[in-house]
Amino acid sequence: MDKENLQHLFFESEPGKEIRKCIQCGTCSSSCPMTDAMDFGPRSLFALIRDGDMEAVINSNSPWMCVSCYQCTSRCPQEIPVTELMYSLKRIITQTKEKTQSNKAKDLHRSFSSSLKLFGRVTESFIMAKYSLKHPLTGLSSIPLAVQLTKKKRVELKMQKVGSPFKFRRSFKHLR
Amino acid sequence: MKYAFFPGCAHDTSAGYKESLDAVCSKLDIELLEIPDWNCCGATITAGESKTSSLYLAARSFALSEKMGYTQILTGCNACYTTLKKSAKYLSSDKHRLEAANKHLASEGLELTKEITIQHVMDIIFDKTPKPIWDSYKNNALQNINIACYYGCQYTRPWLTGPQSDRPEYIENFLTGLGFNAVNHSAKTLCCGAAGAMPNADIAKKLVARIADGVKKESADAIVTICPLCQLNVDMYQTQPDIEQIPTLFFTQLLGLYFKIDLENLGLDKLLISPEPLIEKMQNLKSA
Amino acid sequence: MSEFSPKIIVFVCNWCTYTAADLAGTSRLPYPPEVRLVRLMCTGMIDTKYILKAFLDGADGVFVGGCHPGDCHYIDGNLKAEKRITGLQQMVKNFGIDENRLKLEWIGASEGPEFQKHMTDFVAQIKVLGPGQTKDRMIL
Amino acid sequence: MNVQNPKIGVYICHCGMNIYPKVDVMKVAEYAKTLTHVSVASEYKFMCSNPGQELIIEDIKQRGLNRVVVASCSPRMHEPTFRKACETAGLNRFYFQMANIREHSSWVTLDSDMATQKAMELVTAAVKRVSFHAPLYTKDVPVQKSVLIIGGGIAGMQSALTAADAGFKVHLVERETYIGGHMAKFDKTFPTLDCAACISTPKTVSIGQHQDITLHSYSEVTELSGFVGNYKAVIRKKPRYINEDTCTGCGLCAEKCPVSVPDPFNENLGNRKAVYRSFPQAVPLTFCIEKKDPAPCRISCPAGTNVQGYVQMVKTGNYQQALNIIMERLPLPGVLGRVCPHPCETDCRRSLTDSAVSIRDLKRFAADNAKLEDVPLPKVEDRDEKIAVIGSGPAGLTVAYYLRRKGFKVSIFESMEKPGGMLRTGIPDYRLPPAILDAEIDHILSTGIEMNTGVGLGNGITLAGLKEQGFDAIFLGIGAHVPVKMNIENEDADGVIDAVPFLKEENLERPGSAKKRVVVVGGGNVAMDAARVAIRSGAQSVSIVYRRTRNEMPADHEEVEGAIEEGIELINLVGPKKVITQDGKVIGLECIKNELGPADDSGRRRPVPVEGSEFIIDCDMIIPAIGQRVESSPVLEDTDVDLTAWGTFNVDQITFQTSVPSVFAAGDAVTGPATVVEAVAGGHRVVRAIEKYLNNEMELLEDEIRQENKMAGKNDFLPVPEDVPVVKRAKTSFMEPSERKNCFDEVDLGLDEASAQKDAEKCLNCGLCCECMECVNACEVKAVDHEMEEEIIEVDAGAVILSTGFKTFQAEKLFQYGYGIYPEVYTSLEFERLNNATGPTSGSIQMKNGKTPERVAIVHCVGSRDSRNNKYCSRVCCMYSMKFAHLVREKTGAEVWEYYIDMRSPGKLYEEFYDRVQEEGVHFVRGRVAEITDITDHPEDDGRLTVVAENTLTMKTLRTPVDMVILSVGLEAAEGSEDVGRMAGVSRDKDGWFNELHAKLAPVSTPISGIFLAGCCQGPKDIPDTVAQASGAAGEAISLLSKGTVSTKAEISFIDPELCAGCKTCIEVCAYSAIDFDGSRDVSVVNETLCQGCGSCSSACPASAAGVKQFTDLQLMNELEGFL
């Protein structure tokens, strides 16, 4: 999809036009716990969208990094629903099936998502295992913590699932 | 009293949340009925893929609850709480979205017709239980026990604005009523980073270090959490080098200690940071 | 058939609601074009016969906009108007006019957006009620 | 009715691109030509321009137009312009009507055709209306050549000086005690860094000295009426309690004042006294005393003693003044310092934080440490009236002492050999040493009171006899000395002696009459006294039998404690049933156990005997102490005085008169057995009543007392500070129980000086001023007047200028900045005071711990540019923040960070100042601060605050550790501006600022003619803008008033005398009393100078006789027809 259309799509998404109010004060970015790991903080992201630089926007890890703590939303002096805009961006990227640069946060999303889609519930060990296939180094480095947890009998190896994962999968697949 | 309960995917593997919640509830005559065949709420993930899917996930569990005769659902997880509460709001305010969800629910023979309300199990324990049970364990010497309440980010937000969003006093007021010294600190609703911890361990560690620092300033004996993800992250990352270790337990575990429930029924052994110093301090209190 | 375009007479006081209407203009807040403002010094000036005249001459709705209680430029003219309009709402019913066609609201001088909202809502409401037919009936 | 044949010209304005092309003006003009009576219709680009107006003027002159309609903008904008044009052409200005096709059509209609259609209808209506316009004429009325200015900040001062220099009288009203407003709090001003005081003091001083300016400080305007040229204002001047004419501003009063409270002028960073002047250069220089409601201790004292006053005097070591204050209400300070049950301490607000002040012990301390003979007596003029006081107990002594102080001749008659009544016979010596009582009675008598002992009713005198002796009033203070019986079997046996005679005998003669085993019956103070006296006069064991539990005992807690310490046994929940005797002598007391049942009338639970639980206490002496009653028979001997059912004297609750008008009564004889302080309180009421009685002013008394009762109970006290330290209550020392139980020496040894002063320091000064009168004593020019009352002043003014200023945003609302939580977070006003030479630190920028900050953050836009708080930019914060940065750098050398969203420095030399501050090394961070927290990332920063913000220019989130944070809070409309606006009829915008008439063209005028705006009350602005606007407002006022007359409104009501039925409905509805009734013609007539033209009369007139010119029925009906 061309970038102008993407920008249009964004402004048309429910809270999208709210970013026109942004005064670029940076309250969101500095309130964000994940901002240091983001390619762009929310403020910069909004500036890029307004500039029409959708290439940079959709390839950034920023929306995937959002942990939904809503601190930005609760503090924005323009009352822009920043967290919702992050969801909106993710949805646009997912739904337009744009090919974008991969990033760790997005892969974690995918791991979670596939566990959920398969079983209707998620299991931490499954998500970790699936994620580690893609990012073996991260997987390795988290082994000590995993060992600690296993010692305390806090790692569930059995898959958590709904009564009939098959039925669940069938209904869930049709959604979009 | 009986309530429909949505445990969420992290409930069973949490460090004694399940055990201590069950123990405290039976003390208070609360019966939590697990919604049969509930499914994951989608947390912060599914809403980033499709609004319809994310509402379907909520609607399915809601419909199951409705089927068992309950329109009020309790949960003990902040992420489930916020996700479900937001979904309930969307579903009740937008007929089309509700219709869309019901269309897909029909294949499992389910339907959501009623408005669902979501409450944190803590709200019920604090507000809906008889005072005399609490009063009979009241002990003035508890004021020597310094508790730092940690709400996490999603319990107060985006629902509350103003001071309640950053410096709530709800749990503090309740614990103070029991006799504890609930300290006022600056880390009550800081995000622990749990949702993004795995790929960003360094950030999660930094965030937990800040929480520990805020709590440490008030010489807390323990951090009390109300969410399995918060507990896991705050407990786990405090075991990393250079971070002060303060026992981090579920509020239900603290209430279990208050009620003098047998320690083995509170799952305290699953905590990474040993709660021994706290337990000892509480057991050695001179009753006044 | 083209959509019903009602005739709406809006009596406003010079100090609050007329100013609010000006403010809506300066702020470029659009509202339906059916609205016709009659400027008075105070809503307390509004005689029953003006409103009846408006209905009899074919107005489909009459709106009266004055200062918030306590803000009246002439102490309590707005309250006098309120009394009169409330009574009149009962009276117009006897003439076969739906009392919802006569409405009184307080709109302060700084409330441009409120003026816009009230106008939009009132016109929509009158559209739902349909043509007033008072004029035709009187002719008959 | 208009006889002229209308010839109408219609002019459609394009307003540049504002009306055209949305409205097709050509089409509208063409259409207008088709309307009846229209002879010209044209359109033009700008009708308001000179050529546009010329068009109209030419047409009127050339074509003989006699009506004009202009369709353009709002009449609120250009109606005067076009009316003027008509007038220029010789047409009456009211032959004009405007159609608002810009604000009401082109700007608010989306569709162009619709907008055009609407414009045509607006024009039609205007044309129809104007046909019925009539010429109107205004009248010139004289104006008051004076200006009222509300608000004495820099704006008000500037306006005042400008107007006064032009020769106008000015009334400047300021609600604070000083003029100068916020500017008086500043140290420096941007961008020139002038010293604020240096540039504002000359102005304040000129105001104080200007012969044409009347300064009403500490005053508020409460009513504003009238109209342009002739306004009337009512000013409420609050009492300063210090005379402005005589006060020299020397400050001796404040030096002496013992009460220290947080100083609002210093933003509560420091303290000031209850008598204060906010800063040394204040104008007026007069000090002011701030009072709240009388403190709760004073209210709860039955005798109304000024407790706060004497507690403060103990605090400062001025024990004599403490005693003087006590003696104003209590004639027996040493006695009450020992035996008073201190209801004051129950109500002490200090107990909300730790414990009540030990008020009674402080009173005793004062009494023991000051001299009675030094208590000043008022100068009295001796009066001839004679008053007889019967009984010398506390009530009698009070009546005698205070009546004597009023000059009356007083004689006391006491039936016993020594005066003092129950004080002497009832209260044991170990509680109240006789020497104390003797000294205090001697002092009372020394004021010239005649004392006759051994003489009492039935013992030498009778009421009738006293009257015959020429006594003008008689006071009955005979107490209640007769024991109440227990009503049980064998009550008269040998060994049963009631507490009253027992105590009397032991107190006066000390025979040591107690037997070995004593049982006292009762739970009051008398029972405790009897028990403790018994153990001192020979008893080996003493038990007290009481029918309820210890909690219900009416005796003072201290007395019960004392008794137990001395080995006395309490037997609770037991009632006496029968005295057991042998040979007529007591050998025991049969008792029955009780249970507590439901509460009785007194609120205490009623004891219920338990069947079959009787038991016997062995004893040889029983002392019942269950009550006393009044011995009234000697009184009734020759005079019939009404009694109550309880045998006490029946008195009027207000006058304390008995049924015999010249006979008054109080004390136990009226109340039944009660406390000493209640007897004193009764005495005071009688003093007041007897004085009024002898002055023949009895009715006044009732009014006065009713008034006082109405005033009580507002509970407006000084707030309890948040950081009150917990201080243990002072305890007096006691004699050891083993030692004291064998003698009658005083048990309670009182407080030592250090603990007394420490305890007095706990006083929270609830009433603020403690009325200790130290200021009165200190003032050499006698300027202090504690009786001062508020004044109501009425002034006339031709014009009014509102300059009510602003308040700052409440920083607590932005909770994420931690104001009020972290001590080192300051607001800008706090910083101004911190930096000010007259501020709490004398201008040294330091932290609360006294250290100089090394790192300082300044946070812009606190409460501004924030849709959750104030959407607008406060305009001054960027500049003053940079001034702060400069001052911090200059004074401390600290590193300074400025956090800004956008830097706003539009003003002369402002950008240059920005440059300068940048060059001084201040760090500028472009980003709004997200939060301020005490959480740090590095241990070495512990104790510092971390400021979190994104530097939006580098995209990095900064966490900067600092020592001090200054929040640059925004400006908001001043407290109370809503009321001022309402009073003046000036509306406020959504943010609360006053609306000017036109944002660009009439920035200092309001829609109300003759009322102008100056300074921040219209919107945030800096000092240069404020001063400019203030001069402008004064200029407008001067221009309005110089001519000496103003034109009256033309659009006012009229009443057609032909139609008027004389029903007077219009007179009832007129809010301005502008309609009179002409009795000769039986019609109502409008008073044209008072009428405001609201039209209430017009719509209310049942005969349609009343109308408003320019809004006549005909005009409006035709306008409506034009629309429909």
Side-chain angles (χ1 to χ4, degrees), chain C residues 5 7-9 11 13-16 18-19 21-50 53-59 67 70-77 80-81 84 108-113 115-116 119 135, chain D residues 73-77 98 100 102-111 113-115 117-118 121-122 125 129 978 981-982 985-993 995 999 1007-1008 1051 1069 1071-1072 1092-1101 1104 1107-1108 1110-1111 1113 1116-1117 1119-1124:
Chain C
S5 169
K7 285 189 179 291
I8 310 283
I9 296 294
F11 291 102
C13 79
N14 178 53
W15 305 97
C16 291
Y18 194 88
T19 314
D22 277 2
L23 182 60
T26 333
S27 325
R28 312 291 201 277
L29 305 172
Y31 52 86
E34 289 87 350
V35 171
R36 301 285 176 270
L37 264 66
V38 177
R39 179 165 76 127
L40 301 161
M41 294 315 283
C42 177
T43 46
M45 198 182 253
I46 299 177
D47 201 323
T48 310
K49 58 182 178 271
Y50 303 160
K53 162 98 177 161
F55 278 124
L56 295 179
D57 279 4
C67 307
D71 286 349
C72 176
H73 187 76
Y74 303 103
I75 305 173
D76 59 355
K80 292 170 186 157
R84 189 162 299 134
S110 60
E111 299 179 334
F115 179 81
Q116 175 196 32
M119 289 307 110
K135 194 176 180 180
Chain D
C73 51
S74 171
R76 294 174 59 84
M77 178 109 176
M98 211 161 167
N100 183 353
R102 189 178 73 177
E103 279 83 350
H104 294 178
S105 184
S106 70
W107 276 350
V108 293
T109 310
L110 295 173
D111 182 80
D113 290 342
M114 293 291 210
Q117 177 64 31
K118 185 171 181 180
E121 287 186 29
L122 289 167
R129 190 188 206 277
E978 189 177 354
R982 198 160 275 182
V986 176
S987 58
R988 306 194 308 155
D989 68 13
K990 65 180 191 332
D991 298 313
W993 309 108
N995 279 327
I1008 315 299
E1051 302 102 313
V1069 296
Y1072 300 95
Q1092 299 293 302
C1094 72
S1096 290
C1097 53
S1098 141
S1099 56
C1101 179
S1104 291
V1108 182
Q1110 193 67 0
F1111 291 90
D1113 286 355
L1116 289 170
M1117 294 293 198
E1119 185 174 359
L1120 279 173
E1121 276 176 24
F1123 280 135
L1124 296 165

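Every chain is numbered from 1, with letters handed out A, B, ... down the list of sequences.
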Between C:Lys49, C:Glu34, C:Met45, which has the largest tally of heavy atom pairs under 4.5 Å with chain D?
C:Met45
Engaged part of D:Asp1113 at the chain C interface, taking heavy atoms whose separation is under 4.5 Å
both
Euclidean distance, D:Met114 CE relative to C:Ser5 OG, rounded to 0.5 Å
5.5 Å
In terms of heavy-atom contacts, D:Ser1098 and C:Asp47 come closest through O-OD2, 3.8 Å
Quick one: are D:Glu121 and C:Arg36 in side-chain contact, heavy atoms under 4.5 Å?
yes
Is chain C contacted by the side chain of D:Glu1119, its backbone, both, or neither, given a heavy-atom distance below 4.5 Å?
side chain
Where do C:Lys80 and D:Ser1099 land on the side chain to side chain contact (heavy atoms under 4.5 Å, CB included) test, with the steps shown first?
CA-CA 10 Å; C:Lys80 292 170 186 157; D:Ser1099 56; over 6 Å; no
Report yes if the side chains of D:Tyr1072 and C:Ile75 come closer than 4.5 Å at any heavy-atom pair, otherwise no.
yes
Sorted by chain and number, sequence neighbours left out, side chain to side chain donor-acceptor pair (under 3.5 Å) with C:Arg39 holds for C:Asn14, D:Glu79
Do D:Pro1007 and C:Trp15 have side-chain heavy atoms sitting under 4.5 Å apart?
yes
Would you say C:Arg28 and D:Val108 make side-chain contact, with heavy atoms under 4.5 Å?
no
Spacing of CH2 belonging to D:Trp993 relative to OG belonging to C:Ser110, to within rounding of 0.5 Å
14.0 Å
Heavy-atom cut-off 4.5 Å, strictly under: side chain, backbone, both or neither for C:Asp22 against chain D?
both
What option among C:Gly44, C:Ala109, C:Cys67 has the most heavy-atom pairs under 4.5 Å with chain D?
C:Gly44
Contact part of C:Leu29 toward chain D, heavy-atom cut-off under 4.5 Å: side chain, backbone, both or neither?
backbone
Could you report the tightest heavy-atom contact between C:Tyr31 and D:Glu103, atom names first, then the distance?
OH-O, 4.4 Å
With respect to chain C, which residue among D:Leu122, D:Asp991, D:Leu110, D:Asn995 yields the maximal number of heavy-atom pairs within a distance under 4.5 Å?
D:Leu110
Under 4.5 Å to a heavy atom of chain C? For D:Ala1100 that would be both
With chain D as the partner, which of C:Ala21, C:Gly77, C:Gly108 has the greatest number of non-hydrogen pairs under 4.5 Å?
C:Ala21
Side chain / backbone / both / neither for D:Glu1121 at chain C, heavy atoms under 4.5 Å
both
What part of C:Phe115 gets within 4.5 angstrom of chain D, counting heavy atoms only: side chain, backbone, both, or neither?
neither
Ranking C:Arg84, C:Met119, C:Glu111, C:Gln116 by heavy-atom pairs under 4.5 Å to chain D gives rank one to C:Arg84
Identify which of C:Thr43, C:Thr19, C:Leu23 forms the greatest number of heavy-atom pairs closer than 4.5 Å to chain D.
C:Thr19
Would you mind checking which part of D:Arg988 comes under 4.5 Å of any heavy atom in chain C, side chain (CB onward), backbone (N, CA, C, O), both or neither?
backbone
Quick one: closest heavy-atom pair of C:Ala54 and D:Leu1124, and the distance?
O-CD1, 3.5 Å
Tell me, side chain or backbone of D:Ser1096 under 4.5 Å from chain C's heavy atoms, or both, or neither?
both
Does any backbone or side-chain atom of C:Ala59 lie under 4.5 Å from a heavy atom of chain D? Answer side chain, backbone, both or neither.
both
Under a 4.5 Å heavy-atom cut-off, does chain C meet the side chain of D:Val986, its backbone, both or neither?
neither
D:Gln1092 versus C:Tyr74, closest heavy-atom pair with distance:
O-CE2, 3.5 Å
For the pair D:Ile1008 and C:His73, evaluate side chain to side chain contact (heavy atoms under 4.5 Å, CB included) and give the outcome as yes or no after the intermediate values.
CA-CA 9 Å; D:Ile1008 315 299; C:His73 187 76; 2.4 Å; yes
Test log, rule side chain to side chain contact (heavy atoms under 4.5 Å, CB included), inputs C:Leu40 and D:Val1108:
CA-CA 10 Å; C:Leu40 301 161; D:Val1108 182; over 6 Å; no
Working to the nearest 0.5 Å, report the span between OG of D:Ser105 and CG of C:Leu37.
11.5 Å
Contacting moiety of C:Ile9, where chain D heavy atoms sit under 4.5 Å:
side chain
